[in-house]
Chemist: 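The structure follows.
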Amino acid sequence: MADIIQPVKGTRDFYPEDKAVITWLYEKMGEVSERFGYQEFDGPFLEYIDLYAAKSGEELVKEQSFVFEDKSGNLLALRPELTPTLVRMIAQRQQHLYYPLRWWSFGPFWRYESPQKGRGREFFQWNVDLIGADSPEADAELAAVMAAFFQEIGLAPAQTRILINNRRLMDRELAKLEIPPHERNDIFHLIDKRDKMEFPEWEAYAEELGLSLSQMDGLQALLENDQLWEESEELVRFFKAVDALGASEYVEFAPYIIRGLDYYTGTVFEAQALTADVSRAIAGGGRYDDLLSDVGGDPLPGVGFAAGDMVLIVVLEELGLLPEKRDQTPAPVIVTVFDEDTRMASFSLAAELRRAGLKVNCYPEVEKLGKQFRHANRIGSRVATILGPEELAEGMVAVKDLRERDQVQVPRDEAAEYIQGLLEKDLSA
RNA sequence: GCGAGCGUAGCUCAGUCUGGUAGAGCGCUGCACUGUGGAUGCAGUCGUCGCGGGUUCAAGUCCCGUCGCUCGCCCCA
């Protein structure tokens with residue numbers, strides 16, 4: 001036991017009940033994506049490191065990605081995010097795709113970080129992107145997809161909020177405060193930090209960045225002004241569209257939302273859990289109009305978001321919204337084996353039942369019936385069959401309803417139908 | 001990279017302060033019950049106390065180191 005090799009730090013083992021949660025999320029994400037007309041796609045899990053270095057800066061990539069050398073000496077990275085791959089794939093077929101393009105994806109990503117609550121080194125991420133449309137209404141659709149997903153998994157508007165801001169609006173407002181263009185990124189960073197620092201500390205940081213007192217006052221007024229969106233024609237149109245799309249309950253303007261990424265050019269959004277004890281966002285995204293041209297494609301606007309599975313699971317867990325240990329029963333029917341002489345007859349019966357479309361678990365060993373029933377009960381089987389010498393001689397099968405504890409003898413060729421009937425009774429109940 | 005907490009049976013943990021025979025519950029196996037499971041009773045199984053060193057007549061317990069996990073900070077595409 002002590003000699004078992006440890007799992008890799010920051011990875012998770014997905015036992016069946018854990019895998020069921022991921023599968024459930026995947027299904028919900030797919031359902032919602034496709035409801036809005038998005039197509040599923042995926043890219044490779046391995047990419048040349050240059051794909052990320054171009055955009056994110058090599059140091060960041062080397063520090064926070066899993067990077068290794070292949071046998072030819074190429075530096076490869078386990079993908080830390082999807083957007084560069086998406087952009088590459090679109091650039092490769094730019095002239096052959098129809099726009100606006102709606103794609104979604106769900107898959108594993110890796111980042112070399114220190115594991116903690118809601119964060120690991122290997123995680124799943126849902127990505128939804130709309131390429132080739134640059135209107136605020138397109139942004140609103142992404143917010144609506146997010147809202148539809150929250151609704152789908154049972155997260156109420158009182159429990160989660162999609163916070164919206166616009167980089168162009170903030171840029172103009174910073175200009176009004178006479179903050180020169182080259183300092184605005186620093187100020188964005190400062191804004192991003194507001195919730196994460198104590199106020200005096202934050203103030204000191206602002207001073208360090210060279211903000212004057214009046215600029216500080218102006219900035220604070222800005223961050224508290226929840227009507228500021230009215231100054232932005234883009235956001236006015238955005239909220240109008242969100243309203244029409246029926247998502248306004250979840251969506252709210254928040255001038256302090258900036259998002260760390262430099263490549264966002266317009267609308268940014270971030271979904272936060274209002275009730276749960278996690279500091280991280282559930283989902284984040286925004287508009288990136290320059291990305292295609294940045295990697296050498298023709299200019300093409302885009303907007304998208306990503307949501308990781310780990311924070312989401314923490315939030316849903318705390319709210320009791322994860323599905324009940326869903327259908328852990330591997331098969332509702334178990335075919336017991338009576339003894340060595342009848343074993344093959346039981347195997348044949350199992351095969352007959354499977355041909356009839358039933359999910360059938362056949363006990364592999366000759367064991368006492370009591371033991372087989374106990375096993376059937378533990379794994380949650382609904383129906384057991386017994387095929388002993390008596391049944392065989394009469395061409396019958398004993399079918400036992402494990403929940404009701406009833407047992408009847410039915411002709412062997414009617415067994416499948418009879419069992420089917422028992423299971424269907426459950427479904428209709 | 002920094003800080004804190006925790007490592008004891010398959011699992012959840014008590015025992016550590018104040019050194020003196022390694023514990024409980026759950027689980028598992030068997031029996032009561034050789035053609036029938038969820039209950040009950042009885043019996044059985046269960047350990048390098050994370051690892052290494054030190055102090056001591058004696059260490060799960062105290063000291064030093066180390067590894068691992070968890071949580072937080074930093075970072076966060």
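No experiment lies behind these values; they were computed from the predicted model shown. Order of the sequence lines fixes the chain letters, A, B, ..., with proteins taken first and strands second; residue numbering starts at 1 for each chain.
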Chemist: List the atom pairs, with distances to 0.1 Å, where a side-chain N or O of residues 308-323 of chain A and a protein N or O form a donor-acceptor pair under 3.5 Å, not counting sequence neighbours.
Modeler:
from: A:D309; atom 1: OD1; to: A:R12; atom 2: NH2; distance (Å): 3.4
from: A:D309; atom 1: OD1; to: A:F124; atom 2: N; distance (Å): 2.7
from: A:D309; atom 1: OD2; to: A:R12; atom 2: NH1; distance (Å): 2.9
from: A:D309; atom 1: OD2; to: A:R12; atom 2: NH2; distance (Å): 2.9
from: A:E318; atom 1: OE1; to: A:D277; atom 2: N; distance (Å): 2.9
from: A:E318; atom 1: OE2; to: A:K117; atom 2: NZ; distance (Å): 3.1

Chemist: Pair up each side-chain donor or acceptor in residues 363-374 of chain A with any protein partner under 3.5 Å, not counting sequence neighbours, and list the distances.
Modeler:
from: A:Q372; atom 1: OE1; to: A:V337; atom 2: N; distance (Å): 2.8
from: A:Q372; atom 1: NE2; to: A:V337; atom 2: O; distance (Å): 2.6
from: A:Q372; atom 1: NE2; to: A:E367; atom 2: O; distance (Å): 2.8

Chemist: Which pairs pass salt bridge (charged side-chain N to carboxylate O under 4.0 Å, His left out) with one or both residues in residues 388-399 of chain A, sequence neighbours excluded?
Modeler: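 Salt bridge (charged side-chain N to carboxylate O under 4.0 Å, His left out) check on residues 388-399 of chain A returns no pairs.
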Chemist: Report all interatomic pairs (protein N or O, nucleotide N or O of nucleotides 38-44 of chain B) with separations under 3.5 Å.
Modeler:
from: B:G38; atom 1: O4'; to: A:N377; atom 2: ND2; distance (Å): 3.2
from: B:G38; atom 1: N7; to: A:R405; atom 2: NE; distance (Å): 3.1
from: B:G38; atom 1: N7; to: A:R405; atom 2: NH2; distance (Å): 2.2
from: B:G38; atom 1: O6; to: A:L402; atom 2: O; distance (Å): 3.1
from: B:G38; atom 1: O6; to: A:R403; atom 2: O; distance (Å): 3.1
from: B:G38; atom 1: N3; to: A:N377; atom 2: OD1; distance (Å): 3.4

Chemist: If you look at every strand shown and take non-hydrogen atoms under 4.0 Å, does A:Q372 touch a base, only sugar-phosphate, or nothing?
Modeler: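 Nothing: the residue A:Q372, judged by heavy atoms under 4.0 Å, touches no strand.
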Chemist: Could you identify the nucleotide paired to B:G30, looking across every strand shown and requiring Watson-Crick or G-U wobble geometry with both distances under 3.5 Å?
Modeler: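 Per the H-bond distance test, B:C42.
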Chemist: Only counting residues at least two apart or in another chain, list the ones meeting salt bridge (charged side-chain N to carboxylate O under 4.0 Å, His left out) with A:E340.
Modeler: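 A:E340: salt bridge (charged side-chain N to carboxylate O under 4.0 Å, His left out) contacts with A:R343.
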Chemist: Please set out all donor-acceptor pairs under 3.5 angstrom arising from side-chain atoms of residues 283-293 of chain A, sequence neighbours excluded.
Modeler:
from: A:R287; atom 1: NE; to: A:D139; atom 2: OD1; distance (Å): 2.8
from: A:R287; atom 1: NE; to: A:D139; atom 2: OD2; distance (Å): 3.4
from: A:R287; atom 1: NH1; to: A:A133; atom 2: O; distance (Å): 3.2
from: A:R287; atom 1: NH1; to: A:D289; atom 2: OD1; distance (Å): 2.8
from: A:R287; atom 1: NH2; to: A:A133; atom 2: O; distance (Å): 3.1
from: A:R287; atom 1: NH2; to: A:D139; atom 2: OD1; distance (Å): 2.7
from: A:Y288; atom 1: OH; to: A:D129; atom 2: OD1; distance (Å): 2.4
from: A:S293; atom 1: OG; to: A:D290; atom 2: O; distance (Å): 3.0

Chemist: Name the nucleic acid region contacted by A:I386, choosing base, sugar-phosphate or nothing; use a 4.0 angstrom heavy-atom cut-off, strictly under.
Modeler: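 Base: the residue A:I386, judged by heavy atoms under 4.0 Å, touches a nucleobase.
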Chemist: What parts of residues 108-126 of chain A reach RNA chain B, counting only heavy atoms under 4.0 Å away?
Modeler: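 Close to the strand are A:R111, A:E113, A:S114, A:Q116, A:K117, A:R119.
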Chemist: For A:D18, what residues pass the side chain to side chain donor-acceptor pair (under 3.5 Å) criterion, not counting sequence neighbours?
Modeler: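 For A:D18, no residue satisfies side chain to side chain donor-acceptor pair (under 3.5 Å) once neighbours in sequence are set aside.
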Chemist: Partner lookup for B:G7, please. Criteria are Watson-Crick or G-U wobble with both distances under 3.5 angstrom; report none if nothing qualifies.
Modeler: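 B:C67 is the nucleotide pairing with B:G7.
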Chemist: Should B:U36 form a Watson-Crick or G-U wobble pair with both distances under 3.5 Å, which nucleotide is its partner?
Modeler: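 For B:U36, the partner nucleotide comes out as none, under the 3.5 Å rule.
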Chemist: Once side chain to side chain contact (heavy atoms under 4.5 Å, CB included) is applied, do any residues pair with A:D70, and if so which ones, sequence neighbours excluded?
Modeler: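 With sequence neighbours excluded, A:D70 shows a side chain to side chain contact (heavy atoms under 4.5 Å, CB included) to A:S72, A:N74, A:L76, given in chain and number order.
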